[in-house]
Protein chains: 2
Amino acid sequence: MSVAIENFVKAIYKNGKRDNNDTKPGNIAKELGISNAAATDMAKNLAAKDLLKYQKYKPLKLTDNGTKMALSVIRKHRLWEALLFKLFDMSLHDIHREAELLEHQTSDLLAEKISEYLGNPKFDPHGDPIPNADGEITTSDTSISLSNANEGKSYTISRLMSDDKEFFDFCALNGLKYGNTLVVSKQFTNNKMTQILINNNTILLNQDFTSIIYVNENK
Amino acid sequence: MSVAIENFVKAIYKNGKRDNNDTKPGNIAKELGISNAAATDMAKNLAAKDLLKYQKYKPLKLTDNGTKMALSVIRKHRLWEALLFKLFDMSLHDIHREAELLEHQTSDLLAEKISEYLGNPKFDPHGDPIPNADGEITTSDTSISLSNANEGKSYTISRLMSDDKEFFDFCALNGLKYGNTLVVSKQFTNNKMTQILINNNTILLNQDFTSIIYVNENK
DNA sequence: AAACTTTTTTAAGTTAACTTAAAATATTTT
DNA sequence: AAAATATTTTAAGTTAACTTAAAAAAGTTT
Ligand SMILES: [Mn+2]
Ligand SMILES: [Mn+2]
Ligand SMILES: [Mn+2]
Ligand SMILES: [Mn+2]
C-alpha cells in the first residue's frame with residue numbers, strides 16, 4: 001500500500017483514540033494537510049479496499065484490516081524513534097520527523113531486527129506504547145494528564161503526546177522528559193493552569209501543555 | 001526531488017561508471033524496470049531541471065547538479081548498508097533491499113548522524129566507497145577484478161559489486177567476503193574461468209562472478 | 001422552524017509517473 | 001548499400017493523489 005494510504009489510515013486510528021476529535025473526513029484532511037475533497041475521495045477508495053467503512057457524512061471507521069495496517073505503521077514509527085533516540089544525539093522532534101518517513105519504507109523483517117536489537121521495548125522515547133508484531137498493545141496505560149493530577153503529589157512523566165517542535169524545545173529547556181519526576185504544587189482549576197516543581201524550578205503550565213503531558217503518581 | 005528522479009539519476013551515474021554499459025534511455029529503463037518511453041520522458045523532464053543533458057539518440061550525461069544528487073543518494077544508500085550491517089544479522093542482499101528504499105527518506109542531518117556514529121567509514125559492507133557529505137569519493141581504488149588477477153598470487157577481497165541474491169548466497173557459502181584472503185590457482189583464459197583457493201577449498205568461477213569480485217594483491 | 005454557517009460531497013481538472021502502439025532513427029547483417 | 005533488426009522517440013492513454021469551485025447536507029443560532 002502507498003505512503004498516502006498508510007498515513008491516512010494512521011491518522012484515522014490516532015484521531016479515533018483522541019477523545020473529542022472525531023474521524024470525519026474534514027478532521028483527517030486537516031491532520032494530513034490535504035483538502036476535504038481529497039479526504040472524501042480517499043475514504044471511498046479505502047472502503048473499496050476493505051480498510052474502512054464509509055457512510056456519507058458519518059465518521060470513518062477502520063475495519064480490522066485497516067486497524068491492523070495502522071498499528072503496523074505505528075509500530076514501525078515508534079521502533080524507529082526508539083532506535084534513533086538510542087543511537088544518535090537528535091531532538092525528539094527531529095527523530096519524529098525522520099520516523100514519519102522511514103515508517104513507510106520498512107519491511108516487517110527490518111522492524112523485527114530493530115525491535116530485537118532494542119530488547120523488544122514496550123515504549124518509544126515519547127512514552128507511547130509500541131505495538132507488537134501482531135499489532136497488539138499489551139501494556140496497560142494507567143497514566144493521567146497533568147491537568148487531572150492532584151495538588152501536592154509527586155509524579156513521574158510517562159508520555160509527552162506531541163509532535164510539535166516548540167513543545168519539545170520547551171520540554172528540553174525545563175527538564176520535562178520521559179522518566180523524570182515532578183511535583184504538582186498548585187492546580188488553578190478556573191484558569192486551567194497547573195503549577196509544577198521540577199529540578200527545583202517552579203513553572204506554570206497552561207492546558208495546551210498539561211493536556212498532553214501524562215504522568216504516573218509516585219507512591 | 002521524487003524517489004523516481006533520485007533512482008533515475010543514480011542509475012545513470014552507476015551505468016556511466018560501468019565501462020561498456022552506456023547511458024542511453026533504454027539501458028536506464030532496463031535497470032529500473034520501466035519502459036523505454038518512460039525513460040525518454042523522464043530524461044527530457046530532468047534536462048529541464050538541469051540534472052542532465054539530453055540530445056536525441058545520444059547517451060544521457062549528468063550535469064554537475066545531477067552528479068551531486070546521484071552521489072548524495074549513493075552516500076545515503078551505503079551509510080544505511082553500513083549501519084544495518086553493523087547492528088543487525090541480515091544478509092547483504094536484504095540489507096541492500098532496505099537501503100534501496102531508505103536512501104530516499106533520509107535527511108542530510110540523519111546521514112551525518114549515521115556517518116558519525118560509524119566513525120565516518122570510507123567503505124560499505126560490499127567494499128564500495130562512501131562519498132563524503134560534499135559528494136566526493138576520496139579513496140583511491142587500486143583493486144582489480146578477479147578476472148584480471150595473476151596466477152599463483154594471494155589477494156584480499158575488496159569489493160563485491162552486485163545486488164544479486166544468488167551471488168551473495170554463493171559468496172556466503174564459500175567464504176567470499178570483504179576482507180577475506182584467497183589465492184588464484186589458475187586462470188583459464190580461453191574459457192574465461194578462474195580457479196581460486198579459499199578456506200582450503202578449490203572453486204572454479206566463471207566470468208559472471210570474476211568480473212564483479214574485486215581484490216588487492218597481498219605483498 | 002427559519003436562517004445562517006460550517007462541513008461534506010460531487011464535479012471537473014491537474015500533475016507525475018507510468019503504459020502500449022506506432023513512427024522515426026540508428027545499428028547490424030547480408 | 002540495401003535489407004533486416006533493434007532502439008529511441010512520439011503520441012495517446014491510464015492511474016493515484018491531489019486541487020478548486022459549486023452543490024448538498026448537517027449543525028447552529030436566533
Ligand atoms: Mn512520533
Ligand atoms: Mn508517515
Ligand atoms: Mn547496495
Ligand atoms: Mn532506491
What is the distance, rounded to the nearest whole Å, between atom CE of B/Met1 and atom P of C/dA17?
->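 Atom-to-atom, B/Met1 to C/dA17, this comes out as 10 Å.
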
Let's see if you can work this out: which of [options] has an atom nearest to the side-chain heavy atoms of [X]?
X: B/Asn36; options: D/dT7, D/dC18, C/dC18; result: D/dT7
X: A/Ala38; options: D/dT19, C/dT10, C/dT19; result: D/dT19
X: A/Ile5; options: C/dT10, D/dT20, D/dA17; result: D/dA17
X: A/Met42; options: D/dT20, C/dC18, D/dA17; result: D/dA17
X: A/Ala37; options: D/dT8, C/dT10, C/dA17; result: C/dT10
X: B/Lys24; options: C/dC18, C/dA17, D/dT8; result: D/dT8
X: A/Thr40; options: D/dT9, D/dC18, C/dT9; result: C/dT9

Just jot down the ring-ring contact (aromatic ring centres under 6.0 Å, His included) partners of B/Tyr54, sequence neighbours excluded, or say none.
->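 If we apply the ring-ring contact (aromatic ring centres under 6.0 Å, His included) test to B/Tyr54, skipping adjacent residues, there are no hits.
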
Scan for side chain to side chain donor-acceptor pair (under 3.5 Å) pairs involving residues 29-47 of chain B, sequence neighbours excluded, and state none if there are none.
->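 Listed once each, the pairs are B/Arg18-B/Glu31.
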
DNA chain C contacts among residues 46-61 of chain A, heavy-atom distance under 4.0 Å |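 Within this stretch, A/Tyr54, A/Lys56, A/Tyr57 sit under 4.0 Å of the strand.
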
Can you list, pair by pair, the side-chain donor-acceptor contacts under 3.5 Å of residues 78-89 of chain B, counting residues two or more places apart and other chains?
{"residue": "B/Arg78", "atom": "NH1", "partner": "B/Pro129", "partner atom": "O", "Å": "2.6"}
{"residue": "B/Trp80", "atom": "NE1", "partner": "B/Thr106", "partner atom": "OG1", "Å": "2.8"}
{"residue": "B/Glu81", "atom": "OE1", "partner": "B/His126", "partner atom": "ND1", "Å": "2.8"}
{"residue": "B/Glu81", "atom": "OE2", "partner": "B/His77", "partner atom": "NE2", "Å": "2.8"}
{"residue": "B/Glu81", "atom": "OE2", "partner": "B/His96", "partner atom": "ND1", "Å": "3.2"}

Listed by chain and number, what are the side-chain contact (heavy atoms from CB on, under 4.5 Å) partners of B/Glu112, not counting sequence neighbours?
->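 Partners of B/Glu112 under the side-chain contact (heavy atoms from CB on, under 4.5 Å) test: B/Arg75, B/Ala133.
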
Please name all residues satisfying side-chain contact (heavy atoms from CB on, under 4.5 Å) with A/Ser143, sequence neighbours left out, ordered by chain then number.
->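 So A/Ser143 forms a side-chain contact (heavy atoms from CB on, under 4.5 Å) with A/Asp141, A/Ser158, A/Arg159, A/Tyr214, A/Asn216.
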
